Amino acid sequence: MAWLMTDPSKMRLRFAPSPTGSLHIGGARTALFNWLLVRGAGATLVLRIEDTDRDRSTPENVDQILDALKWLELDWDEGPIFQSDNAVRHQEVLVSLLDAGLAYRSLATADDVRAYKDQHGSERGFRGQDDGEGAVRLRVPEGASIVDDAIRGETRFEHVHLDDPVIARADGSVLYNFAVAVDDHDAGITHVVRGDDHLSNTPKQLLVFAAMGATAPIYAHLPLLHGPDGKKLSKRHGAASVQELRDDGYLPEAIRNYIALLGWGTDDDETLLSTDELKRRFGLDHVSKSPAIFDEKKLRWMNGRYLRELTLEDLTARLELFTGRTGLAGAVEISREKIQTLADFWPLVGFVFDGPAEDQAAWDKTIGAPGAVEILAEVRSALAAVAEFDVDTVQSALRAIVEERGVKPNAVFQPLRVAMAGTTISPGIFETAVLLGREETLSRVDRALERGEPQSSAS
RNA sequence: GCCCCCAUGGUGUAGCGGUUAGCACGUCAGGUUUUCAUCCUGGAAGCAGCGGUUCGAUUCCGCUUGGGGGUACCA
């Protein structure tokens, strides 16, 4: 574990999203890995907003990212630092590099660079000349940069292949690869844990560190996250942002567990790991190098597991927040075994509060079936006659009818279910009746009976 | 085009020269069951290909193929 310091609590990591959109699952995973490392070692996490792209960075996006991190319960110790707030310091470094001849101003445009390559071969990097004006380019020296990555080992980048990178626009505003290096240095960052898409950028940043005469941090590049089609995760892949995951009814703790397993695993290959266990066990040494595909099916399963481990009170509170309704405890109790996400709840038991759903196919199949109305009428009188209206008495009353008529349980249960719920899918039939209460149950059965009489003779 | 990274079933992973290649999701077949789920049991399914190195390669090396990233006065 060469990446670990002798005193892990001295580590300073950072999560540095760029606010060009909402927080992606990939970004969330990067944030989680940083957070896990820090919280497991008692180290420090710095949040920095990389907003040097003035066109795409918006306050709304910043809020979205902060909101997403908060919802995922990933906190930080310093920041948020806005990269744009460090403009003065960036200029200072820029000037010193210019003065030292380590950087120069050039009028060369992207087209010029392309033309240069067409002429000199694309394996040879562009070297500009000092025009005294224009964009600022860093002078790439001879030799090579070696990125000693904590996850991938050493990667060598020959400088000949690198263009002299533009580190500041003609107007003086700085560019990403320059700003990151300066900011990481200023913040005393010891470990940079980020997506693999930055590996190729690392030599440029290393060059900036060298120009500043500073020591670069330890880098660790995480494998990227892909969608089910193997392509880079994007909006097309359904729930791609943290907000969407929240709206789809996933629990933050389940998401943490699931995405921790994307690109990382334990030696015993455990699947269900609490956040505390994650903090304790997570380390860079078990991070894989190959990209992982985000599989919502597994998340669903895992979410269901977490859902069922919540206390009734906790789950009810979350469901009330999610649906905006109150007084849900009873419905939660009878449906918690049947749902995998918070979003599954209302479609399953909403009928209890909003009345039976309208489902003609379900009706035709059950109450519309021959003899069903007669059975339902018998169910009605049995439920009206029962002394106490609880799960046991309701159950025995209904089972008595099954016995007596010698029919399949479904012949009795399904018509009642559809009378109460409007559909063939609902929580347990006895529990549902008890939750509705005798009065409401009978009234729904009556309505079904009324509707069933003329229809059964008509059809 | 050029530079770089990656490669165990459909998916996530365990494995770190000798294993009947394990686990989880999904899937299929049963069981439990009042629907839907849950839960239980069992099955199918994998080391991308080709060369080396080695007594022996999923494991080490090279090539090919495939995927991905970078190559911006984006981040």
Side-chain angles (χ1 to χ4, degrees), chain A residues 16-20 50-57 83 106 108-110 113-114 117-118 121-126 134-137 147 149 152 155-158 160-163 165-171 173-177 179-180 195-204 221 223-224 226 228 230-232 258 261-272 286 288-302 304 308 335-340 344 348 362 366 395 398-399 402 408-414 416-418 421 423-430 432:
Chain A
S18 57
T20 53
E50 315 252 272
D51 58 348
T52 46
D53 183 339
R54 56 237 161 140
D55 296 331
R56 293 191 296 162
S57 301
Q83 195 152 54
S106 164
T109 63
V113 174
R114 224 186 325 273
K117 288 192 182 183
D118 285 344
S122 47
E123 75 282 355
R124 171 151 275 117
F126 174 78
V136 180
R137 285 184 186 270
V147 178
D149 192 279
R152 288 150 207 282
T155 303
R156 184 185 182 85
F157 293 88
E158 297 293 340
V160 265
H161 301 305
L162 261 44
D163 298 329
V166 174
I167 55 178
R169 301 180 177 95
D171 66 6
S173 60
V174 297
L175 259 29
Y176 174 74
N177 285 120
V180 203
D196 190 32
D197 48 342
H198 289 292
L199 182 59
S200 302
N201 288 325
T202 309
K204 296 179 205 166
H221 289 92
L224 259 22
H226 290 176
K231 303 287 187 201
K232 199 177 175 185
Y258 177 67
L261 260 19
L262 256 24
W264 176 77
T266 60
D267 44 12
D268 54 5
D269 204 20
E270 282 294 323
T271 303
L272 264 4
H286 272 83
S288 75
K289 299 177 192 166
S290 47
I293 292 176
F294 176 77
D295 176 20
E296 196 171 341
K297 288 235 184 77
K298 190 161 185 174
L299 207 210
R300 275 191 71 83
W301 164 79
M302 192 173 281
R308 272 169 256 125
S335 61
R336 61 178 312 177
E337 293 295 317
K338 300 173 182 296
I339 60 176
Q340 286 189 304
D344 290 344
L348 182 67
T366 56
Q395 168 153 214
L398 294 178
R399 289 204 187 279
V402 171
K408 286 186 172 180
N410 270 351
V412 175
F413 298 154
Q414 285 301 72
L416 174 58
R417 187 187 308 282
V418 173
T423 74
T424 54
I425 298 174
S426 80
I429 195 85
F430 320 123
T432 300

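Keep in mind that what you see is a predicted model, and the values were worked out from it rather than measured. Lettering of chains follows the sequences in order, A, B, ..., and the numbering in each one begins at 1.
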Residues passing the side-chain hydrogen bond (donor to acceptor under 3.5 Å, both in side chains) test with A:N201, sequence neighbours excluded, are none

Any base atoms under 4.0 Å from A:R152, or only sugar-phosphate, or nothing? Heavy atoms, all strands. sugar-phosphate

Check the pair A:R152, A:D196 against side-chain contact (heavy atoms from CB on, under 4.5 Å), reporting the backbone distance first and the verdict last. CA-CA 10 Å; A:R152 288 150 207 282; A:D196 190 32; 3.6 Å; yes

Partners of A:H161 by ring-ring contact (aromatic ring centres under 6.0 Å, His included), sequence neighbours excluded? none

Residue pair A:E337/A:S122 against RNA chain B: nearer the 5' end by closest nucleotide is A:S122

Interatomic distance at C1', B:G66 relative to B:G49, whole Å: 10 Å

Spacing between A:L262 atom CG and B:G68 atom P, to the nearest angstrom: 17 Å

Check nucleotides 70-75 of chain B for protein N or O atoms closer than 3.5 Å to its own N or O atoms and list the pairs.
| from | atom 1 | to | atom 2 | distance (Å) |
| --- | --- | --- | --- | --- |
| B:U71 | O2' | A:K117 | NZ | 3.4 |
| B:C73 | O2 | A:A170 | N | 3.2 |
| B:C74 | OP2 | A:R169 | NE | 2.8 |
| B:C74 | OP2 | A:R169 | NH2 | 2.8 |
| B:C74 | O2' | A:D53 | OD2 | 2.1 |
| B:C74 | O2' | A:R56 | NH2 | 3.2 |
| B:C74 | O2 | A:R56 | NH2 | 2.7 |
| B:A75 | OP1 | A:T52 | O | 3.2 |
| B:A75 | OP1 | A:T52 | OG1 | 2.8 |
| B:A75 | OP1 | A:D53 | N | 3.3 |
| B:A75 | OP2 | A:Y176 | N | 2.9 |
| B:A75 | O3' | A:E50 | O | 3.2 |
| B:A75 | O2' | A:S18 | OG | 2.6 |
| B:A75 | N6 | A:N201 | OD1 | 3.1 |
| B:A75 | N6 | A:N201 | ND2 | 2.8 |
| B:A75 | N1 | A:N201 | ND2 | 2.9 |

Check: A:Y258 side chain, A:R300 main-chain N or O, donor-acceptor pair, under 3.5 Å: no

Inter-nucleotide C1' distance (B:A75, B:U38), Å rounded: 45 Å

Could you tell me how far apart A:R336 (CZ) and B:A37 (C1') are, to the nearest whole angstrom? 14 Å

Pairing residues for A:D118 by the side chain to side chain contact (heavy atoms under 4.5 Å, CB included) criterion, not counting sequence neighbours: none

Can you check the distance between B:C39 and B:A44, where both ends of the measurement are the P atom (answer in whole Å)? 23 Å

So what does A:T423 touch, heavy atoms closer than 4.0 Å: a base, only the sugar-phosphate, or nothing? nothing

Under 4.0 Å between any heavy atoms, over every strand shown, what does A:F430 touch: base, sugar-phosphate, or nothing? Just pick one. base

Rounded distance in Å - CG (A:L261) to P (B:C23): 16 Å

NA contact type, A:T424, heavy-atom cut-off 4.0 Å: base, sugar-phosphate, or nothing? base

Would you mind reporting whether A:V113 and A:R137 have side-chain heavy atoms less than 4.5 Å apart? yes

Watson-Crick or G-U wobble mate for B:C23, both contacts under 3.5 Å: B:G12

Rounded distance (Å) that lies between atom P of B:C2 and atom CG of A:D118: 13 Å

Just compare B:C5, B:U34, B:G12 and give me whichever is closest to any side-chain atom of A:A292. B:G12

For A:P291, enumerate each residue passing the side chain to side chain contact (heavy atoms under 4.5 Å, CB included) test, keeping only those at least two apart in sequence or located in another chain. A:H226

Would one find a side-chain N or O of A:R399 under 4.0 angstrom from OP1 or OP2 of B:U34? yes

So do the side chains of A:M302 and A:T271 get within less than 4.5 Å of each other, counting heavy atoms only? yes

Does a side-chain N or O of A:R308 approach OP1 or OP2 of B:C39 to a distance below 4.0 Å, or not? yes

Between B:C4 and B:G62, how far apart are the P atoms? Round to whole Å, please. 13 Å

Spacing of A:I293 atom CD1 relative to B:U11 atom P, expressed in whole Å: 6 Å

With rounding to the closest Å, how many angstrom separate the P atoms on B:C3 and B:C74? 25 Å

Side-chain donor/acceptor contact of A:K289 with base of B:C6 under 3.5 Å: no

Whole-Å distance, A:F157 CZ to B:C3 P, equals 12 Å

Separation of B:C3 atom C1' from A:L162 atom CG, nearest Å, is 9 Å

For B:A44, give its Watson-Crick or G-U wobble partner with both distances under 3.5 Å, or none. none

So A:I429, base contact, sugar-phosphate only, or nothing? Heavy-atom distance under 4.0 Å. base

5'-most contact on RNA chain B (nearest-nucleotide basis), A:S426 vs A:L224, goes to A:S426

With both distances under 3.5 Å as the test, what is the Watson-Crick or G-U wobble partner of B:C2? B:G70

Measuring only the C1' atom in each nucleotide, how far is B:A45 from B:U27? A whole number of Å is fine. 9 Å

Gap in Å between the two C1' atoms, one belonging to B:C61 and one to B:A57, rounded: 12 Å

Can you confirm whether more than 12 heavy atoms, excluding those of A:R336, are under 6.0 Å from its CZ atom? yes

Enumerate all atom pairs, one protein N or O and one N or O from nucleotides 25-29 of chain B, separated by less than 3.5 Å.
| from | atom 1 | to | atom 2 | distance (Å) |
| --- | --- | --- | --- | --- |
| B:C25 | O2' | A:K298 | N | 3.4 |

Output all residues satisfying ring-ring contact (aromatic ring centres under 6.0 Å, His included) with A:F413, sequence neighbours left out; order by chain, then residue number. A:F430

With sequence neighbours left out, what residues match A:R114 under side-chain hydrogen bond (donor to acceptor under 3.5 Å, both in side chains)? A:D111

Please work out if A:P427 contacts a base, only the sugar-phosphate, or nothing of the nucleic acid, heavy-atom cut-off 4.0 Å. base

Expressed as a whole number of Å, how far does the C1' atom of B:G46 sit from that of B:A7? 13 Å

Can you tell me how far P of B:U34 sits from CG of A:L398, to the nearest Å? 12 Å

For A:R417, what residues pass the side chain to side chain contact (heavy atoms under 4.5 Å, CB included) criterion, not counting sequence neighbours? A:Q414, A:S426, A:I429

Measure from the side-chain heavy atoms of A:S290 and tell me the nearest of B:C6, B:G12, B:C3. B:C6

Only pairs with both distances under 3.5 Å count, Watson-Crick or wobble alike; so what is the partner of B:G51 in this structure? B:C61

